[in-house]
Amino acid sequence: MEGPSGFGVNHCLQKLSDVEFLKFKELLSKETEEFKIKPIPWNKIEMASRTKLMTLLFTHCPGQVWDIVSSLFLQINRADLSIMAQELRRDKQSSYKEIMKTIFQYIWNVETFICMKDEIYQATIEMQYKALQEVFDCPLEPVTAVVLGSEAQGKTTFLRKAMLDWTSGKLWQNRFQYVFFISLISLNNVTELSLAELMLNPLCFLNWETQVYQKIYPLLRYPRDIIVTGFNDPFIKCYFTYFFKNTQKAVQVFNYLQSTNQLSVVRRSPFLCWMACSTLKWRLKRGEGMKSVGETDSSIYTNFMVSTFRSVYDNCPPNQNRARLKTLCTLAAEAMWKQVFVFTSEDLRRNGISESEKAVWLGMNFLQHRGDGFMFYHPLLQSYFAALFYFLRQERGTAHPIIRSLPQLLKEVYVHGQTQWLMTGAFVFGIATEKAAAMLKPLFGFIPSKEVEQEIFKCLRSLSQAECSEKLMNSQSLFESLHENEEERFETQVIDLFEEMTVDISNIDTLLSAAKILAKTQKLKKLHVHIQHNFFSEIYNPEDGDLEDFEFNKSILCECVYNLQVLDLDCCNFNETTLKILCASMSPSSTYPLTAFKLQSLSCPFMTNFGDGALFHIFLQLPNLKSVNLYGSNLSNDMVENLCSVLKCTTCGVEELLLGKCDISSKACGMIATCLIYCKVKHLSLVENPLKNKGVMLLCEILKHRSCVLETLMLSRCCLNFIACGHLYEALLCNKYLSLLDLSSNVLKDTGVNILCEALKDPKCTLQELWLSGCFLTSDCCGGISAVLTSKKNLKTLKLGKNNIEDAGIKQLCEALRNPDCKLQCLGLDMNDFKTDCCEDLASALTTCKTLTSLNLDWITFDHDGLQLLCEALSHKSCNLKVLGLDKSALTEESKMLLQAVEMKEKLDILHCPWVKEERKRRGVRLVWNSTN
């Protein structure tokens, strides 16, 4: 291959249509005699792709490729490509950058539509352009520049400009020798491609869909964000002037949109601006004057589509127009379900689009050329036409082989989180209105908007049902879709279907859309909110709008709190200003007295700022509040003292206090212990805090107090050793309420457990559950534990997982289980080091112990013979086990079949990690934010 020349030839070939490419091949097979080159076999030419044909040319006639292609381009009436080929022609020393300069100059001049002079466009991106220049200034620091922005915001245009300027030496001078521009959308339907072929396709589109970005971004080690935004008013005026080619008309349009509060529409993105201008242009041309271009994306797209369609087919009967439109909508919907963005001529023909109609769609800017294929003018336009398909579809019983039903589409968006289809779902909501139906009816006939609206409602109602296995996972997407609908009656009907929702707030727009919808709900009981770390700022940003609106927007979400039973503010990084607004909005008033609040459970995991503690005073005195979870939120000693002062108040009714991973010191633990005498807390979790033995000592002093009503104490991962067990010994003998003690993942060792066993054997001890997983235990403590099991009938749960208990210890425990005085119901032996030889003892215990209903043997490897013994015991009529912890995926197929037979026959649940969810809940452990948590 002739090095960089291959890029140029391949790029020219990509510009040919399928018909032109076939003609090019036929002429090439005859051209060999004129250029006196060795003939290329027709079977190779016929089967070759564009890239493969370029390789054949450089292989068979390396010195004459440019002459051949230039001649052939003229013969098929593509003089433009012949000229391009001459410009791209270089000798063997031509640089890659020179080739790319010619290619991207063509892309910029022919395929990029900015509707303004280059210098004005450059001014609109000045800040982003400077950031892109500077991000790679230091060649020694690794970095990944990530260009962000809403859909149709102009990211691709911005990157095309960057590529063109690099080839011209204006950007990254002497920084990069090669820059490749790879189109993910153009490669969408390519199943296999070598690196060389990829580099030979300098395609012209780069766009990570939202869900791809969200998956890739956390993997980037050194990301730098460059955010592309919409137009401001001065640039909008320039855009209008350039678009309408008439300053007076541009001013007229600007003043109209400003006076009717529609400028915000065109500010949102360059593509919306272009559509609004196109709509007004067609209307003015028909003498219709100025009319609304729409307030939502759906109405803007519908106005644009109708106005553009009328420019050609205004006088045609509605049934003919409907049939024409349906071919385009079917193409879009089929491609959406196949996840394809680039189409061949055959794709168009298969969907009923004739050559003449294809030319019309291209002229209307509904479609555009993309290499040798076609794309919709913008991916969002494809989403719109795909949505419109569901309003033009055939009668029931004639389903399309690829396009699925509307309920299936809605579930893909709102249940399975297919965010690349989000706008298709939103457009369906937007078209399902009387207003949209009225716009479409004169040109296309009756549009069943009400029927589709009811179909949407029926699908969402099924997702809200408790018995439904599929649940709404993407509330924010639903809010945005409801915003497109604009019909308040329908919004209220839909939002009142749901009693639980999860909302992720990333910017003012998502806050506004959530607040607007949530303010209308009367049925919502559980709300999970995540506010991203960079959302709140002490510094007011003019781009957020009016200052009063900026402050109001931050507090509007609070209005829905009054009816909630559960509020989860997950990873919400509030600043001082926002905390004051939150507290003010939650304070009792004449409109909302204290008794109006229904909140029962409040979670603020991973919160970085509680301000001066006023938030505690506001929330913790709500009359119905029973549970508070602050997991992962660092609490200083002063903040703990503030919290405890509220817990002591007689008006505070909190019974469950979850303070895991809050960096609580021994001193702070003492404060919490003291308040237990005065408060109503029955369940306390201090897991993953450095309490140490001193902190437990202070707790135990209070546990001995007769006013302490604590029933559950979770102390896993608290840096304890056997000395803490000495303090707990006395507390267990004195406390009459404590029923569950979690000491997992502390270095208690056998010495500590033996001390606890002495307390457990005492008749005065009322403990029912003891969790000792990961406490560095061996078989040496099993004698003491066995003595407890046979002497205390009130001990129901014992968790000994993640220890080093071997065969001898297991045998002792099994012997205790066979004792008729043992009343244990739940036993955890997971991740211990015993062998299959113990299976006989376990099997005997299972058929003897009448009370044992849950046994965890997870992460233990059994051979088939040992497992067969267990299965025989599980099938025995005397075995009452209901839950068995075991990882079936780690077993042989033969062993799996054994277990499956037992499961079906005995109604036994065999689960991997059967207690993890319940243990996390009791400890109050929360994972770092994930919308599915």
Side-chain angles (χ1 to χ4, degrees), residues 14 16-22 49 183 185-191 205 301-302 304-306 308-313 316-406 408-409 412 418 420-421 423-425 427-428 431 440 443-448 452:
Q14 295 290 343
L16 296 175
S17 68
D18 288 348
V19 174
E20 290 169 339
F21 186 52
L22 180 60
S49 64
S183 163
I185 282 187
S186 295
L187 296 177
N188 177 258
N189 51 0
V190 177
T191 56
F205 206 98
Y301 277 73
T302 301
F304 164 75
M305 189 276 291
V306 169
T308 308
F309 206 96
R310 287 185 62 190
S311 67
V312 177
Y313 297 119
C316 293
N319 62 330
Q320 291 183 14
N321 287 339
R322 191 184 187 95
R324 289 190 184 96
L325 180 61
K326 188 177 177 182
T327 62
L328 195 62
C329 293
T330 306
L331 174 71
E334 179 185 282
M336 180 192 71
W337 282 105
K338 292 168 66 177
Q339 299 194 46
V340 170
F341 295 93
V342 181
F343 320 106
T344 64
S345 294
E346 177 55 34
D347 292 328
L348 271 61
R349 282 193 295 272
R350 189 182 68 256
N351 282 287
I353 299 175
S354 65
E355 285 294 319
S356 60
E357 285 176 344
K358 178 174 71 175
V360 172
W361 301 144
L362 288 166
M364 288 182 177
N365 288 326
F366 289 171
L367 294 178
Q368 64 172 320
H369 287 288
R370 178 51 52 94
D372 60 327
F374 305 89
M375 281 183 64
F376 280 88
Y377 194 72
H378 192 279
L380 285 182
L381 203 56
Q382 178 176 335
S383 297
Y384 174 79
F385 283 115
L388 197 53
F389 167 84
Y390 290 95
F391 296 82
L392 305 173
R393 54 192 163 165
Q394 297 173 348
E395 296 299 322
R396 299 184 189 278
T398 54
H400 191 281
I402 296 172
I403 303 172
R404 299 180 193 173
S405 68
L406 179 58
Q408 286 175 304
L409 166 65
E412 288 295 330
Q418 295 290 345
Q420 73 271 26
W421 291 353
M423 283 308 299
T424 307
F427 283 136
V428 169
I431 300 170
L440 294 165
L443 205 58
F444 306 107
F446 174 73
I447 300 297
V452 173

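Quick caveat, the model's predicted, so the values are computed rather than measured.
Summarising the geometry of Ser405 relative to Tyr390, their closest heavy-atom pair is C-CE2, 3.8 Å, with the distance given to 0.1 Å. Contact detail for Leu380 and Phe427: the closest heavy-atom pair is O-CE1, 3.6 Å. Contact between Ala332 and Ala386 at its shortest, heavy atoms only, is CB-N, 3.6 Å. Minimum interatomic distance between Val342 and Val340 (heavy atoms only, all atoms of both residues): O-CG1, 3.2 Å. For the residue pair Gly445 and Pro318, the shortest heavy atom distance occurs at N-CB, 3.7 Å.
No side-chain heavy atom of Leu381 sits less than 4.5 Å from a side-chain heavy atom of Asn365. Trp337 is listed as a side-chain neighbour of Glu412, based on a closest heavy-atom distance under 4.5 Å. Looking at Arg349 and Lys358, their side chains never come closer than 4.5 Å, going by heavy atoms from C-beta outward. Counting heavy atoms from C-beta on, the side chains of Leu325 and Phe385 come closer than 4.5 Å. Looking at heavy atoms from C-beta onward, Phe374 lies out of side-chain contact with Asp347 at the 4.5 angstrom threshold. Between Met364 and Phe304, every side-chain heavy-atom pair lies at or beyond the 4.5 Å cut-off.
Between the side chain of Asn351 and the backbone N or O of Thr327, no donor-acceptor pair lies under 3.5 Å. Judged by distance alone, with hydrogens and angles left aside, the side-chain atoms of Glu20 form a donor-acceptor pair with the main-chain N or O of Ser17 at under 3.5 Å. Formation of a donor-acceptor pair under 3.5 Å by the Gln382 side chain with backbone atoms of Met375 is not found in this model. Without hydrogens or angle criteria, Thr308 side chain to Met305 main chain gives no donor-acceptor distance under 3.5 Å.
Note that CD1 of Ile447 is 8.5 Å distant from CD1 of Ile431, once rounded to the nearest 0.5 Å. Note that NZ of Lys326 is 13.0 Å distant from CG of Leu328, once rounded to the nearest 0.5 Å.
Within a 6.0 Å radius of CZ in Arg404, other residues, nucleotides and ligands contribute 12 heavy atoms or fewer.
Between Phe444 and Phe309, a ring centre-to-centre spacing shorter than 6.0 Å is recorded. Taking the six-membered ring for Trp, Phe376 and Phe343 have ring centres closer than 6.0 Å. Between Tyr377 and Phe366, the gap from one ring centroid to the other reaches at least 6.0 Å.
Side-chain polar atoms of Tyr384 and Thr302 form a donor-acceptor pair below 3.5 angstrom. No side-chain donor-acceptor contact under 3.5 Å links Arg322 and Asn319.
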